[in-house]
Amino acid sequence: MSLQTQPYKGTRDFYPQDKQLQKYMFGVLRKVAESFGYLEYDAPILESLEIYQAKTGEEIVNQQLYTFQDKGGRQVAIRPEMTPSVSRMVAAKRQELAYPLRWYSLPNLWRYERPQAGRLREHWQLNVDLFGVESLAADHEIIQIADAILQAFGAHSNNYVIRINSRQLVDLYLKDYMKLSDQQVYQTTKLIDRWHKIEKAEFHQHASEILNDDKLYRELIELMESKDLGTLPTEIRNHQSVKDLNELMELLASSGVKSAVFDFSVIRGMDYYNGIVFEVFDSKPENIRSMFGGGRYDGLVGLFGVEPIATVGFGMGDVTLLRFLEAHKLLPKLEPETDVVVILIGEVYQKAQIVVKELRGMAVNVAVDTSTRKLDSQIKNAVKSGIRYCLFIGDEELESQTFKLRDLQKGEEKSLSLEQIASSLAVRHIQS
RNA sequence: GUGCCUGUAGCUCAGUUGGUUAGAGCGUCAGUUUGUGGUACUGAAAGUCGAGGGUUCAAGUCCCUUCAGGCACCCCA
């Protein structure tokens with residue numbers, strides 16, 4: 001039996017082309033995060049199992065977490081998300097860090113489940129978190145960053161929708177206003193979460209069964225359809241969470257975030273969210289699933305035995321982002337990092353080294369074709385690899401110190417000195 | 001974890017109601033007199049038909065099991 005060449009289930013190999021694309025994407029993410037003053041951090045891919053048990057539901061820990069016991073008998077988990085790790089790091093230095101604390105990271109994360117469109121077992125996720133700001137300025141800034149990222153990739157505001165809700169409002173509405181039982185709250189929450197995934201008739205049917213009250217049922221439907229805070233019942237319209245949402249929407253509008261809407265269907269699964277929550281959706285109807293999201297989770301740092309810290313953040317996965325960029329044709333054509341392939345003519349391998357080394361010294365990325373195959377084969381190979389230029393080096397060139405630089409895209413060939421070659425290729429680096 | 005669909009050359013796929021030695025296009029490699037590519041022509045390599053078992057004189061084709069992939073559910077970090 002021979003070994004499989006496939007990568008492990010639900011994972012991807014990054015061939016140079018894929019890796020280059022990832023580098024491009026991460027580059028944009030880093031640039032935007034840093035433009036808001038965020039600093040990059042990282043943490044180990046392994047964490048003790050208990051930091052996930054402390055904060056999440058049973059199912060996630062039992063079924064969707066990679067866990068094992070190490071040789072010292074410790075229960076270990078491969079991180080499924082970054083939030084507990086960063087909370088741990090902040091808690092560890094709670095007293096000495098300067099707030100507001102703006103941090104981001106690009107961790108690879110693992111979850112054990114059956115892969116499907118846009119969801120794999122390993123993915124990479126931009127995490128952006130703002131610690132120590134209780135006011136709405138934090139929620140506003142985080143959503144601004146999410147918006148700025150999509151804009152930085154060239155997306156238009158109508159390519160995506162940022163749906164915003166408040167956990168406090170959901171609680172208020174279901175418990176205080178509707179006066180539902182715990183069981184009803186749970187069922188209704190799950191149903192609301194599925195609003196965009198199921199047919200209206202199905203939603204209506206389930207809602208009327210759970211609520212068993214015609215007035216409440218119709219009000220809920222109206223609230224979800226309206227996407228307007230003004231449709232909230234007058235009894236709760238002056239509650240703080242509603243004021244917050246109104247103010248947030250106004251802040252976003254005045255800072256040029258055009259894609260944001262209030263949407264009562266946004267819940268998010270994790271229990272640790274305690275304030276504003278948001279999710280970003282592709283406006284293309286064939287990509288119905290949430291792309292990414294986040295919100296406020298003020299209680300998480302406090303789980304590590306220190307005074308809690310107000311926190312707002314979000315996570316954006318590379319798989320869903322890539323799907324979005326592909327669907328909207330927002331991926332640029334990337335040229336190989338290698339600038340030029342040297343094609344040797346005759347027995348000049350050794351003599352050419354001086355020239356090649358000099359070019360590299362002038363910041364040109366040079367690969368030498370060592371195959372000694374016929375010239376046309378070498379040229380074909382260079383074309384296939386996507387490299388823009390090839391440089392011919394033979395006895396004549398070494399004698400005259402002028403070399404033929406061939407532009408493989410245009411088919412033009414020029415005889416140039418090394419300095420001329422280096423400066424014409426340096427232009428490419430500046431442009432890119 | 002549950003359900004549906006799919007596995008034939010590196011890739012995309014043909015392959016009749018089971019019937020000789022499993023095909024095509026693209027790609028790869030080589031050549032068309034070795035200092036110049038994308039075209040053309042010639043030739044070559046390349047498949048345990050996902051794997052294992054069964055039915056049959058005979059299985060790529062039918063049955064069972066299993067593995068892998070895709071999609072949906074569950075869940076969503």
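All of these numbers come straight from a predicted model, not from anything done at the bench.
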query = Which part of the nucleic acid, if any, lies within contact of A:Glu279, taking any heavy atom under 4.0 Å across all strands shown: a base, the sugar-phosphate backbone alone, or nothing?
reply = nothing
task = Check every atom of B:C76, B:A30, B:G37 against the side chain of A:Ser377 and return the nucleotide holding the closest atom.
result = B:A30
key: Any pair counted as side chain to side chain donor-acceptor pair (under 3.5 Å), so long as it reaches residues 15-33 of chain A, sequence neighbours left out   = A:Lys19-A:Gln22, A:Lys23-A:Glu337, A:Arg30-A:Glu40
ask   = Say you pick atom P in B:A14 and the same atom in B:A9; how far apart are they, in whole Å?
value = 12 Å
ask   = Any ion pair linking A:Asp139 and A:Arg296 (charged N to carboxylate O, less than 4.0 Å)?
value = yes
ask   = Between B:G35 atom C1' and A:Ile393 atom CD1, what is the distance in whole Å?
value = 14 Å
Below 4.0 Å: OP1/OP2 of B:G38 and any side-chain N or O of A:Lys410 = no
request  = Under 3.5 Å for both distances, Watson-Crick or G-U wobble, that's the pair rule; now give the dot-bracket for RNA chain B, with | marking pairs to another strand and [ ] for crossing ones.
outcome  = (((((((..((((.....[...)))).(((((.......))))).....(((((..]....))))))))))))....
message = Looking at the base of B:C76, is there any donor atom on it, or on the side chain of A:Arg119, that sits under 3.5 Å from an acceptor on the other one?
response = yes
message = Does anything in residues 22-31 of chain A come within less than 4.0 Å of RNA chain B? Heavy atoms only, and list the residues if so.
response = none
query = Parallel under 30°, tilted from 30 to 60°, perpendicular over 60°: which one fits the rings of A:Phe36 and A:Tyr38?
reply = perpendicular
ask   = If you check every side-chain atom of A:Gln125, which of B:U36, B:A77, B:U32 has the closest atom?
value = B:A77
remark   = In short, side chain to side chain donor-acceptor pair (under 3.5 Å) pairs touching residues 148-157 of chain A with sequence neighbours left out are A:Gln151-A:Ser157, A:Gln151-A:Tyr160
request  = Using only heavy-atom distances, decide whether a donor-acceptor pair under 3.5 angstrom links the side-chain of A:Gln378 to the base of B:U36.
outcome  = no
inquiry  = A:Phe281: which residues meet the side-chain contact (heavy atoms from CB on, under 4.5 Å) condition with it, sequence neighbours left out?
reply    = A:Arg163, A:Glu279, A:Ser290
request  = Quick one: label A:Leu109 by what it contacts on the DNA or RNA (base, sugar-phosphate, nothing), any heavy atom closer than 4.0 Å.
outcome  = nothing
query = If we take the P atom in both B:A30 and B:A22, what is their distance in whole Å?
reply = 28 Å
ask   = With sugar-phosphate meaning primed atoms plus P, OP1 and OP2, does A:Gly411 contact a base, only sugar-phosphate, or nothing at under 4.0 Å between heavy atoms?
value = base
Distance-only criterion, 3.5 Å: show the donor-acceptor pairs between side-chain atoms of residues 374-385 of chain A and protein atoms not counting sequence neighbours.
{"unit_1": "A:Gln378", "atom_1": "NE2", "unit_2": "A:Arg373", "atom_2": "O", "d": "2.8"}
{"unit_1": "A:Ser385", "atom_1": "OG", "unit_2": "A:Asn381", "atom_2": "O", "d": "3.4"}
{"unit_1": "A:Ser385", "atom_1": "OG", "unit_2": "A:Ala382", "atom_2": "O", "d": "2.8"}

request  = Please state how far atom OH in A:Tyr15 lies from atom C1' in B:G10, giving the value in whole angstrom units.
outcome  = 11 Å
note = Sorted by chain and residue number, the side-chain contact (heavy atoms from CB on, under 4.5 Å) partners of A:Asp193 (sequence neighbours excluded) come out as A:Ile267
query = With sequence neighbours left out, which residue pairs that include part of residues 392-425 of chain A fulfil the ring pair (Phe, Tyr, Trp, His ring centres under 6.0 Å) condition?
reply = none
ask   = Within the structure shown, what part of the strands sits under 4.0 Å from A:Lys197 by heavy-atom distance: base, sugar-phosphate, or nothing?
value = base
ask   = Using 30° and 60° as the class limits, which term best fits the ring planes of A:Phe314 and A:Phe292: parallel, tilted or perpendicular?
value = tilted
Closest-nucleotide ordering on RNA chain B, the 5'-leading residue of A:Asp395 and A:Arg268 = A:Asp395
query = Under 3.5 Å, is there an N or O donor on one side and an acceptor on the other linking the side chain of A:Gln409 and the base of B:G37?
reply = no
key: d(CD, A:Glu113; P, B:C75) in whole Å   = 12 Å
request  = Could you check if a side-chain atom of A:Val161 sits within less than 4.5 angstrom of a side-chain atom of A:Val261, using non-hydrogen atoms only?
outcome  = yes
note = Comparing A:Arg79 with A:Gly394, nearest RNA chain B nucleotide closer to 5' gives the residue A:Gly394
ask   = Atom CG of A:Asn381 and atom P of B:G27: how far apart are they, to the nearest Å?
value = 15 Å
Non-neighbouring partners of A:Ala152 that pass side-chain contact (heavy atoms from CB on, under 4.5 Å), sequence neighbours left out = A:Val28, A:Val32
Salt-bridge criterion met for A:Glu225 and A:Lys200 (N-O under 4.0 Å) = yes
key: Whole-Å gap separating P (B:C75) and CG (A:Leu191)   = 12 Å
ask   = What nucleotide, of B:A77, B:G31, B:C29, holds the atom closest to the side chain of A:Met270?
value = B:A77
remark   = A:Tyr389 atom OH is separated from B:U36 atom P, nearest whole Å, by 22 Å
ask   = Touch check for A:Leu408, heavy atoms < 4.0 angstrom, all strands: base, sugar-phosphate only, or nothing?
value = base
message = Nearest whole Å is fine: how far is B:C76 C1' from A:Tyr273 OH?
response = 10 Å
Would you tabulate the pairs of protein nitrogen or oxygen atoms and nucleotide nitrogen or oxygen atoms of nucleotides 65-71 of chain B closer than 3.5 angstrom?
{"unit_1": "B:A68", "atom_1": "O2'", "unit_2": "A:Gln6", "atom_2": "OE1", "d": "3.3"}
{"unit_1": "B:A68", "atom_1": "O2'", "unit_2": "A:Gln6", "atom_2": "NE2", "d": "2.9"}
{"unit_1": "B:G69", "atom_1": "OP2", "unit_2": "A:Lys9", "atom_2": "NZ", "d": "2.7"}
{"unit_1": "B:C71", "atom_1": "OP1", "unit_2": "A:Ala117", "atom_2": "N", "d": "3.4"}
{"unit_1": "B:C71", "atom_1": "OP2", "unit_2": "A:Ala117", "atom_2": "N", "d": "3.1"}

query = What integer distance in Å separates A:Phe292:CZ from B:A77:P?
reply = 13 Å
query = Is any side-chain nitrogen or oxygen of A:Lys374 closer than 4.0 Å to OP1 or OP2 of B:C29?
reply = no
key: Which residues share a side-chain contact (heavy atoms from CB on, under 4.5 Å) with A:Leu330, sequence neighbours left out   = A:Ala155, A:Phe324, A:Leu325, A:His328
note = Residues at least two apart in sequence or cross-chain that pass ring pair (Phe, Tyr, Trp, His ring centres under 6.0 Å) with A:Tyr66, listed by chain then number, are A:Trp110, A:Tyr112
task = Output the single nucleotide from B:A77, B:G37, B:U36 whose closest atom is nearest the side chain of A:Leu375.
result = B:U36
